[in-house]
J.: 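Take this structure, written in structure tokens, and hold onto it; I'll ask about it next.
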Amino acid sequence: MNRINLICLGVANIPRALDFYQKIGFETTAGDNAPVVFFKNSGTKLELFNIHELAKDIDKTNPPQVNTGGFAGITLAINMKSKQEVDAFFALVAQHGATIVKPPETVSWGGYSGYFTDLDGYYWEVAYGEDWIFDDNDMLIIE
């Protein structure tokens, strides 16, 4: 069965990233000095790990080059149940240091979405679709 259980974000400063994600609603029992952080999400889990340690974990003798900026061709997404939830979440992330890249707007596929980058430059889409249905874990059902 295909599935994604965990998404790991390599971050420059775990306490700073932990503080940001907690302030925007992600929950964890990890403390400020944790070497790795796992958030208690419904569905796929999100992890924070030091980016240089992550590169060494991939290959200790020849770690991949750490990308320090730009678009790496991947986005993360949070699907909301209303336009108001999208707008409220954008206000929250902006208040805590995210960069709004594309404010929420009606988009070509008929939904409402926008993009922000977190403190480490990861791109997040926050979106709402009028016909979307969610399961008991608030995960979007895509058929």
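Treat the numbers as computed from the prediction; the structure is a model and nothing was measured. Numbering of residues begins at 1 and proceeds along the displayed sequence.
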J.: For D59, what residues pass the side chain to side chain contact (heavy atoms under 4.5 Å, CB included) criterion, not counting sequence neighbours?
T.: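 So D59 forms a side chain to side chain contact (heavy atoms under 4.5 Å, CB included) with T61, N62.
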
J.: Would a hydrophobic clustering, with Ile, Leu, Val, Met, Phe, Trp and Tyr connected at side-chain separations under 4.5 Å, put I78 with I100?
T.: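 The answer is yes; both residues are in one hydrophobic cluster.
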
J.: Determine the minimum heavy-atom distance between K45 and K40, stating which atoms define it.
T.: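 Heavy atoms of K45 and K40 come nearest at NZ-C, 4.5 Å.
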
J.: If you look only at pairs with a residue in residues 110-123, which of them pass as a salt bridge (Lys or Arg N to Asp or Glu O under 4.0 Å), with sequence neighbours excluded?
T.: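 Salt bridge (Lys or Arg N to Asp or Glu O under 4.0 Å) check on residues 110-123 returns R16-D120.
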
J.: Does I7 belong to the same Ile/Leu/Val/Met/Phe/Trp/Tyr cluster as V66, with side-chain heavy atoms less than 4.5 Å apart forming each link?
T.: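 Result: yes, single cluster for both.
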
J.: Which value, rounded to the nearest 0.5 Å, describes the distance between L119 atom CG and L18 atom CG?
T.: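 Taking CG in L119 and CG in L18, the distance rounds to 11.5 Å.
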
J.: Sort and list the pairs that fulfil ring pair (Phe, Tyr, Trp, His ring centres under 6.0 Å) and have at least one residue in residues 54-80, not counting sequence neighbours.
T.: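 The answer is F71-Y123.
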
J.: For the atom pair CG (L6) and OG1 (T44), what is the distance rounded to the nearest 0.5 Å?
T.: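 That separation rounds to 8.5 Å.
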
J.: Only pairs under 3.5 Å count here: list side-chain donor-acceptor contacts from residues 103-115, not counting sequence neighbours, and write none if there are none.
T.:
unit_1, atom_1, unit_2, atom_2, d
Y112, OH, D87, OD1, 2.6
Y112, OH, D87, OD2, 3.3
S113, OG, E125, OE2, 3.2

J.: Under the salt bridge (Lys or Arg N to Asp or Glu O under 4.0 Å) rule, what pairs show up with a residue in residues 128-142, not counting sequence neighbours?
T.: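 Output for this query lists K81-D138.
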
J.: Which pairs would a plain distance check flag for residues 46-54, meaning a side-chain donor or acceptor within less than 3.5 Å of a matching protein atom at least two apart in sequence or in another chain?
T.:
unit_1, atom_1, unit_2, atom_2, d
N50, OD1, H52, N, 2.9
N50, OD1, E53, N, 3.0
E53, OE2, K56, NZ, 3.2

J.: What's the spacing between Y122 OH and L76 CG if we round to 0.5 Å?
T.: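 Between atom OH of Y122 and atom CG of L76 there are 9.0 Å.
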
J.: Who are the side chain to side chain contact (heavy atoms under 4.5 Å, CB included) partners of P64, not counting sequence neighbours?
T.: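 Per chain and number, P64 pairs via side chain to side chain contact (heavy atoms under 4.5 Å, CB included) with A55, I58.
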
J.: Quick one: CH2 on W124 to OG1 on T75, what's the gap to the nearest 0.5 Å?
T.: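 Here the rounded value is 9.5 Å.
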
J.: Do you know which two heavy atoms are closest between V86 and A127, and how far apart they sit?
T.: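 Here V86 and A127 meet closest at CG2-C, 3.8 Å.
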
J.: When clusters are formed from ILVMFWY side-chain contacts under 4.5 Å, directly or step by step, what else is grouped with M139?
T.: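 Hydrophobic cluster check, M139: no partners found.
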
J.: Would you give the length of the straight line joining atom CE of M80 to atom OH of Y128, rounded to the nearest 0.5 angstrom?
T.: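 Between M80 CE and Y128 OH, I get 13.0 Å after rounding to 0.5 Å.
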
J.: Could you pull out every donor-acceptor pair under 3.5 Å between side chains of residues 22-30 and any protein atom, sequence neighbours left out?
T.:
unit_1, atom_1, unit_2, atom_2, d
K23, NZ, D19, OD2, 3.1
T28, OG1, A30, N, 3.1
T28, OG1, F38, O, 2.7

J.: Quick check: is L9 connected to I4 through a chain of hydrophobic side chains (ILVMFWY, heavy atoms under 4.5 Å apart)?
T.: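 Same cluster.
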
J.: Determine, stepwise, if the pair V11 / V37 fulfils side chain to side chain contact (heavy atoms under 4.5 Å, CB included).
T.: CA-CA 11 Å; V11 299; V37 174; over 6 Å; no

J.: Classify the ring geometry of F90 against F116: parallel below 30°, tilted from 30° to 60°, perpendicular beyond 60°.
T.: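 F90 vs F116 ring planes: perpendicular.
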
J.: If you measure from CD on E143 to CD1 on I133, what distance do you get to the nearest 0.5 Å?
T.: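 If I round to the nearest 0.5 Å, the distance is 7.0 Å.
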
J.: For I142, which residues count as a side chain to side chain contact (heavy atoms under 4.5 Å, CB included) partner, sequence neighbours excluded?
T.: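 In terms of side chain to side chain contact (heavy atoms under 4.5 Å, CB included), with neighbours along the sequence ignored, I142 is linked to L140.
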
